[in-house]
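Read through the structure below, which is laid out as structure tokens, and then see the notes.
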Amino acid sequence: MLPWSLRPRRPWQGRRVVLGVTGGIAAYKSIQLARDLTLMGSQVDVVMTEAARRFVGPLSFEGVTGRRVAESLWSAEGSALHLSLGRDADVFVVAPATADFLARAAHGRADDLLTTALLATRAPVLLAPAMNHRMWDHPQTAANVEHCRHGLGYQVLGPDRGRLGAGEGSGMGRMVDPSEVMEWCGRLLAGKAGGLTGHRVLVTAGPTREPLDPVRFLGNRSSGRMGFALAREAWLRGGAVTLVTGPSNLPDPVGVRVIRVETAVEMLGAVREHAGSAQVTVYAAAVADYRPVAPSDQKTRKADTGDRLMVEFGMNPDIAAETASLTPSDGVRVGFALETDDLLERAGAKLRSKGFDLIVANRAGEPDAGFDAETNRVTILDRDDGLEELPVLPKDDVAGRILDRVQSLLARGTGARGRAL
Ligand code: C5P
């Protein structure tokens, strides 16, 4: 399950997806995939094999896509369709892809509408295999997958390990979650135009937890949403993304390498390891400024403290400032500033003192913005004293606007200009 709302947006919006469905029990999951892609604004043309129709009916797909399902090559319509479907597709997905389909695809067969259309397409191809684990483990299937992957350049997703069809127990062979296929479609649809292909992106997110004793901690209200949205968007745009996050309930964004930490000191260690190879670093974490100097190794008890508890706090490292010098000289660094007053002055001062190229300023305590909200209202400040005030937007759109600015700095090669640190 993705924490993002399904609504028309780039890179899905207005694009054409061919969704091939072959004959496996996982075909029911593809109804959700077809629905989600349609909700994201894609035009989804479903092509079912004869075997697929034994598992699910075309009407289910037609109900969620609003478009006719293509089934047979052997009609006047089908013989023209095999070329037009392949030619007009922006991405060609087959989910589930059975062992039989993989064999036919690997050998260039064209014995039904789906494989014929596959040969006619020049769009990126995404396959989500699903089958019994014994069939997946067979060397012939492995050879077919290998050829699809490396010989033909198809993207093969999964399968996952997990529960298989009834009576088959669990094992390797379960189709990946439809949301994973949808995200991959997005990345393939963005393609090179995504703008971050070949770039490493590092994002910090979430709160930190500073232990007081083995059961208690000092934390904050950050949900991680903004940083997770940035990591996801950077990956959709083609980046190789690492997300270093404090405790958050959000699931790992698809394709992103996620490093989960607890304390500021742990976060610093992870950022130090990755900042040197990242052209783009975005510091979206809400890091605790202080931590208890001497956390107790036993639970603090009321009986031992009396009615007052004194805790001594020491300063945490400033992760952004400490890692500033690691960003490559042509890289771009983005910070966040959450303030209750003098927002723009304070944000501008932080931009310079911490050596950011851009800083995203938002006011604490605003409705529809900040911690735990699904939307945000921010102003982006740059080193030329430029101010870009954005309206209230869903956090994934805010992430897109921030990355648009990052990409224009990367294109101009003006990141890291005259850093203070
Ligand atoms: O000083 P302040 O906490 O307002 O700075 C905010 C910016 O600095 C954010 O980008 C935040 O992620 C980063 N920061 C950090 N390490 C800290 C404190 C803040 O990286 N200890």
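Just so you know, ligand 1 is whichever comes first in the structure, and atom 1 is the first atom listed for that ligand.
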Nearest protein heavy atom to [atom], by residue and atom, and its distance?
{"atom": "atom 10 (O) of ligand 1", "value": "Tyr283 O, 2.7 Å"}
{"atom": "atom 17 (C) of ligand 1", "value": "Val287 CB, 3.5 Å"}
{"atom": "atom 9 (C) of ligand 1", "value": "Phe336 O, 3.1 Å"}
{"atom": "atom 4 (O) of ligand 1", "value": "Lys350 NZ, 2.4 Å"}

Ignoring hydrogens and geometry beyond distance, is a side-chain donor-acceptor pair present between Gln407 and Arg237 at under 3.5 Å?
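Note: Gln407 and Arg237 side chains meet the donor-acceptor criterion.
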
Tyr290 vs Phe313 aromatic rings, parallel, tilted or perpendicular, using cut-offs 30° and 60°?
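Plane angle over 60°, so perpendicular.
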
One pair to check against side chain to side chain donor-acceptor pair (under 3.5 Å): Tyr154 and Arg149. What are the steps and the verdict?
CA-CA 5 Å; Tyr154 298 168; Arg149 210 176 242 144; over 6 Å; no

Just by distance, do the side chain of Arg10 and the backbone of Ala190 share a donor-acceptor pair under 3.5 Å?
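Absent.
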
Check ligand 1 against [X] and write out every atom of the ligand that is under 4.0 Å from a heavy-atom position of the residue.
{"X": "Lys354", "result": "1 (O), 2 (P), 5 (O), 6 (C), 7 (C), 8 (O), 14 (N), 19 (C)"}
{"X": "Gly335", "result": "10 (O)"}
{"X": "Ala285", "result": "11 (C), 12 (O)"}

Does at least one non-hydrogen atom of Asn316 fall below 4.0 angstrom from an atom of ligand 1?
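Flag not set, Asn316 not near ligand 1.
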
When you measure from the heavy atoms of Pro317 to every atom of ligand 1, does any distance fall below 4.0 Å?
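Contact present.
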
Please work out which of Ala337, Ala320, Ala349 has its closest non-hydrogen atom nearest to atom 13 (C) of ligand 1.
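Looking at heavy atoms only, Ala320 sits closest to atom 13 (C) of ligand 1.
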
Option with minimal heavy-atom separation from atom 16 (N) of ligand 1, where the choices are Ile319, Ile359, Val360, Val282
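Comparing heavy atoms across Ile319, Ile359, Val360, Val282, the nearest one to atom 16 (N) of ligand 1 lies in Ile319.
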
With a 4.5 Å cut-off on side-chain heavy atoms, are Val47 and Val69 touching?
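No. Closest side-chain heavy atoms not under 4.5 Å.
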
Heavy-atom side-chain contact between Leu33 and Met182 under 4.5 Å:
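They are in side-chain contact.
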
Mark yes when over 12 heavy atoms from residues, nucleotides or ligands other than Arg260 sit less than 6.0 Å from its CZ; otherwise mark no.
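Yes, enclosed.
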
Mind checking salt bridge (charged side-chain N to carboxylate O under 4.0 Å, His left out) for Asp318 and listing every partner two or more places apart, or none if nothing turns up?
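If we apply the salt bridge (charged side-chain N to carboxylate O under 4.0 Å, His left out) test to Asp318, skipping adjacent residues, the hits are Lys354.
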
Do any N/O atoms on Glu339 end up under 3.5 angstrom from N/O atoms on ligand 1?
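The answer is no, given that Glu339 and ligand 1 share no N or O pair closer than 3.5 Å.
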
